[in-house]
Amino acid sequence: MRYWLMKSEPSDVSIDDLANLPDQTVAWYGVRNYQARNFMRDQMCKGDAVLFYHSNCAVPGIAGIARVSSPAYPDATQFDRNSKYFDPKATQETPRWFNVDVQWVKKIEPISLAELRRHPQLEGMRVLQRGNRLSITPVDPAEWRFILKHLVRD
DNA sequence: GCCAACGTTGGC
DNA sequence: GCCAACGTTGGC
């Protein structure tokens, strides 16, 4: 069982959008970064816990909790000529991009990026590092416990 | 809207 | 393999 932080632009899929989807589940398609892909393909397991992070918005930060609800499988959008995620180099036999499904667990009182930065216990978090752009990052179990114990208010 | 940081591409 | 150019991310 691992812990992750996954970024989503709320204008794309917000924590409330996720809560209202069928099965409260979304296919995490469209990741086109190799490191993020490798995390999904090689390390994520069904049941892994996810901090659902709102990025590129007025108050960036953790907006909810989710879980990985499927193993990684080929991202369908790479084969779709009409998708902005179409990849001409990907084939059905050798897919290049993968995604998992992510299921809503709960919405929380948002924990802003500024709030996260206030805690020395979290200073190692990838999302707090300068210049960080990776949309999927592992979360240390100690960091996860700290966040749940001290920062999550339902 | 600005711009720093980063990943990718492609010429050589 | 180097590296400049380019496109994207995402906080502010």
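All chains are named by letter (A, B, ...) in the order of the sequence lines, taking the proteins before the strands, and each is independently numbered beginning at 1.
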Separation of [X] atom [atom1] from [N] atom [atom2], in whole Å?
X      : N      : atom1 : atom2 : value
A:Y34  : C:dT9  : OH    : P     : 15 Å
A:N56  : C:dG11 : CG    : C1'   : 8 Å
A:Q129 : C:dG10 : CD    : C1'   : 15 Å
A:L113 : C:dG11 : CG    : P     : 6 Å
A:D87  : B:dT9  : CG    : P     : 9 Å
A:N33  : B:dC6  : CG    : P     : 13 Å
A:R96  : B:dT9  : CZ    : P     : 7 Å
A:R126 : C:dG10 : CZ    : C1'   : 15 Å

Between A:Y34 and A:W97, does a ring-ring contact (aromatic ring centres under 6.0 Å, His included) hold up when you go through it step by step? CA-CA 8 Å; A:Y34 289 104; A:W97 306 109; 4.8 Å; yes
Can you see if the side chain of A:Y53 gets near the phosphate of C:dG11 - specifically, an N or O under 4.0 Å from OP1 or OP2? yes
Compare side-chain N and O positions of A:K7 against OP1 and OP2 of C:dG10 and report whether any pair is under 4.0 Å apart. yes
Nearest-0.5 Å distance, CD of residue A:E123 to CG of residue A:L128: 9.0 Å
Of the candidate nucleotides C:dC12, C:dT8, C:dG10, which contains the atom at the shortest distance from the side chain of A:R117? C:dC12
According to side-chain hydrogen bond (donor to acceptor under 3.5 Å, both in side chains), does anything in residues 132-153 of chain A pair up with another residue at least two apart or in another chain? List the pairs. none
For side-chain contact (heavy atoms from CB on, under 4.5 Å), just list the numbers for A:K7 and A:N56, CA-CA rounded to whole Å, side-chain angles, deciding distance to a tenth of an Å, and then say yes or no. CA-CA 9 Å; A:K7 296 181 189 172; A:N56 204 9; over 6 Å; no
